[in-house]
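This report refers to the structure that appears directly beneath it.
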Amino acid sequence: MSRNDSKYFSTTKKGEIPELKEELNSQYKDKRKDAVKKVIAAMTVGKDVSSLFTDVVNCMQTENLELKKLVYLYLINYAKSQPDLAILAVNTFVKDSQDPNPLIRALAVRTMGCIRVDKITEYLCDPLQRCLKDDDPYVRKTAAICVAKLYDINAELVEDRGFLESLKDLISDNNPMVVANAVAALAEIQENSTRPIFEITVPTLSKLLTALNECTEWGQVFILDALSRYKAADAREAENIVERVTPRLQHANCAVVLSAVKMILQQMELITSTDVVRNLFKKMAPPLVTLLSAEPEIQYVALRNINLIVQRRPTILAHEIKVFFCKYNDPIYVKMEKLEIMIKLASDRNIDQVLLEFKEYATEVDVDFVRKAVRAIGRCAIKLERAAERCISVLLELIKIKVNYVVQEAIIVIKDIFRRYPNTYESIIATLCENLDTLDEPEAKASMIWIIGEYAERIDNADELLESFLESFPEEPAQVQLQLLTATVKLFLKKPTEGPQQMIQVVLNNATVETDNPDLRDRAYIYWRLLSTDPEAAKDVVLAEKPVITDDSNQLEPSLLDELLANIATLSSVYHKPPEAFVTRALSSAQRTEEEDYPEGSETGYSESSANPANGVTSPPAARQSTPASATSAPATPPSAALVPDLLGDLIGMDSNSIVPLDQSATPTGPPLPILVPASTGQGLQISAQLIRQDGQIFYSLLFENITQVPLDGFMIQFNKNTFGLAAAGPLQVAQIQPGASARILLPMVMFQNMSQGPPSSLLQVAVKNNQQPVQYFNDKFSLHVFFSEDGRMERSSFLETWRSLPDSNEVSKDFPTIVLSSPEATLDRLAASNMFFIAKRKNANHDVFYFSAKLPRGIPFLIELTTAIGNPGVKCAIKTPNPEMSSLFFEAVETLLMG
């Protein structure tokens, strides 16, 4: 469209569709062309213009190339929803594929390949056969890509009609762009196939290397990527290949440079001559350095790739460390990546200038960058033994600046240096102890406490220093509490005097009686038993010699590094994750055919997906098989796999571990569920849901009702952080929901995965998405009785003992003036069904007093006293619990249960 075509996007008058219909059938060409532009504009902004399908298709019969392109664009968009009408256009496609104009021939075959409708594919074969042997290279290169698209729709058809052989023949084509597209198509088909299809032989290799010099930059990328998968027969062949590819390092396009680097690195593994390797290093360094003068975004991609390269071949850039020094105007993400590479390239020869840089960075204004710079100094000290003393001197200079976060970060890294070089630099402990008052971050506190405990015998006032931390023991984070516990035990074992003896008693009491952290409690009990039974054994355990830590600057496993180096210049090398960790590949038709042989419910052949490029997690097969997965669909539809593309992302601050695909399964229908998303606000999708407890497990019961005109599939669900950390336990299966049908799902839930801070709340925030609609957000409210566990029944004696042991401040009560208990037996049964267990009953004047017990997960008991006059309005509920902050949620649940 030209720059004047913006008028077609302006607001149209009432009765837009009838007017467009009239204009599309006009006898004037210009009017028809304008009408098609208006239709495309409406389609672009999301309006439904599918009712004009027949009228738009009638405009295909034109010699005007611009109009034909617009009509083809419309067809690609709506053919899937109107497959029967799309067949009307087939004759025009076939006719256009024989047009004298090569642009129209290519356009026709490209559009037919983009229309992913099975009914049309059989009509595509003959035109595609002709176009693969067309005289014009533009048509041939377009047809090559079309074969890959057709393979994705119907692999069997492609193989039967001999398209793969035709594609392989195109590798010998005299036009380099046709060769590049043929390589790209074959590589795509190979990725979707389970058997070898595209294997580079020696004759093919020669043709690809010849085409490499003449095709466009993206053609070169395709060919280089294919060549990187070729294994040379010996060192001589590898050297010849590298020699032919090396000129690509001088290319202006970054993608070509990185693809060439990848290919050379792969072949370099076979080259045995050190002189050849050294020369290649010299040739590879300048292009990589040049990438760092591009825009920040390209710099970042280059840096992430360089990070991988220097882990395997640090020599390439060993003399170029200065190019990684941070500039004042570099974005923070570039600076952070440069720091990582500088640590990897740091050596005894360049450590002085590196430390000067790091020291400069530690005085910057960006706090995160400063922290990273201080940590970098520590990592260099751990990596380079001869430079450790210089690194510590720099850290001490930074501590003297007295900037809070710099001091804390320095203490953290010095703790690691002590672990790396025991009994070497302990003279600086006194300087560290001067800064105790400034510590307010858990990791820094924990590090300082570790230092005091580890070197208690060298610190005269170690007990006083630890005592200053013990005053706030109950409020400290778990990390600090654990370190305090261990440090106090170390102090006691090294100085078993009266002061440490009292301290250890206080700490052990706090860590066993006053805490609800199981890790802390377990460790405290172990120490307590060790100290009380055999102090010498305790010394052997707690004061045992620790293994020396090592440099962690090469964090990647060798096998993972190999895989990432084979994927340089792709997203994989930016994420530093293998492709399968973040890419969900849909099944090709060939794989789908193979899957039909497996029994229903089998997981074989379904690709798995990660929900967080930074944290990919997939449920193990055993967990999937043991999860009670259930759903129902009415009316019944054939099963279809709904894969798990990570489309929800980190919605409303949610944890991506709770993304769950919904495929097919079967369950009986349950009681009616409250409607949370009516069809009017859900774009035709009505969602009803409720949290329930069944057979001792918590489920989220969902009912999807499709009131749209199209089938809905690929459902995903995600839960925001909440009081009980509720998240989905694993994948379920549900069929595609046809228009007018519904599907009921039981989604197993797990707790304490995704916990929110702040006061307890019964709010559950949920996001649901499918392949056809945007994300639907909604709020649900759960009742606390869903969490009451089946082991909440208490003996009377235990009930009385627990009631007396809890302080009066833990008792909370509430009146329900309108509730009437007319049938105590029915009420007791109803409460017992929700795991509120009857303990006893007594009379108090004219009132009956009932006692119950219930228990929340993690063993939190609720002791309940209900007082009422049977048959009269008014119920008083009093509860005692270690967690009185839960009382408001509890009273909501009791009111719900008492009202029936």
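Hydrogens, waters and symmetry mates are skipped; everything else that's a heavy atom, side chains included, is used.
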I'd like to know if the side chain of [X] and the backbone of [Y] have a donor-acceptor N/O pair within less than 3.5 Å.
{"X": "N883", "Y": "M886", "answer": "no"}
{"X": "K344", "Y": "N307", "answer": "no"}
{"X": "N722", "Y": "G725", "answer": "yes"}
{"X": "N404", "Y": "L439", "answer": "no"}
{"X": "R419", "Y": "I549", "answer": "no"}
{"X": "T515", "Y": "T512", "answer": "no"}
{"X": "E409", "Y": "V370", "answer": "no"}
{"X": "D534", "Y": "S532", "answer": "no"}
{"X": "T486", "Y": "L482", "answer": "yes"}
{"X": "Q299", "Y": "A294", "answer": "yes"}

Flag the pair [X] / [Y] as yes when at least one side-chain heavy-atom distance between them is below 4.5 Å, and no otherwise.
{"X": "K539", "Y": "E536", "result": "yes"}
{"X": "K495", "Y": "Q501", "result": "no"}
{"X": "L485", "Y": "R523", "result": "yes"}
{"X": "M448", "Y": "Q483", "result": "no"}
{"X": "E454", "Y": "I459", "result": "no"}
{"X": "Q408", "Y": "E443", "result": "no"}
{"X": "C326", "Y": "F369", "result": "yes"}
{"X": "Y421", "Y": "E385", "result": "yes"}

Does [X] pair with [Y] as a salt bridge, N-O distance under 4.0 Å?
{"X": "D562", "Y": "R312", "answer": "yes"}
{"X": "K231", "Y": "E269", "answer": "no"}
{"X": "R386", "Y": "D348", "answer": "yes"}

Contact summary for C380 and I351, nearest pair of heavy atoms:
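Nearest pair, atom of C380 first, then I351: CB-CD1, 4.0 Å.
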Atom of I316, atom of A285 and distance for their closest heavy-atom approach
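That closest heavy-atom pairing would be O-CB, 3.5 Å.
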Testing the 3.5 Å rule here: is there a donor-acceptor pair between the side chains of [X] and [Y]?
{"X": "E357", "Y": "Y361", "answer": "yes"}
{"X": "N510", "Y": "Q481", "answer": "no"}
{"X": "K262", "Y": "N567", "answer": "no"}

Under the side chain to side chain contact (heavy atoms under 4.5 Å, CB included) rule, collect the residues that match up with D275, sequence neighbours excluded.
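Once residues adjacent in sequence are excluded, the partners of D275 under the side chain to side chain contact (heavy atoms under 4.5 Å, CB included) criterion are S273, R278.
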Interatomic distance, CD@E563 vs OG@S573, rounded to 0.5 Å, equals 12.0 Å
Show every side-chain hydrogen bond (donor to acceptor under 3.5 Å, both in side chains) that has at least one partner inside residues 467-477, sequence neighbours left out.
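As it turns out, the side-chain hydrogen bond (donor to acceptor under 3.5 Å, both in side chains) pairs with a partner in residues 467-477, which skip direct neighbours, are K445-E476, S472-E476.
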Should the ring pair F724 and F752 be called parallel, tilted or perpendicular, given that the plane angle runs from 0 to 90° and is split at 30 and 60?
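Correct class here is tilted.
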Tell me, yes or no, whether the heavy-atom count around E360 atom CD, taken from other residues, nucleotides or ligands under 6.0 Å, exceeds 12.
no
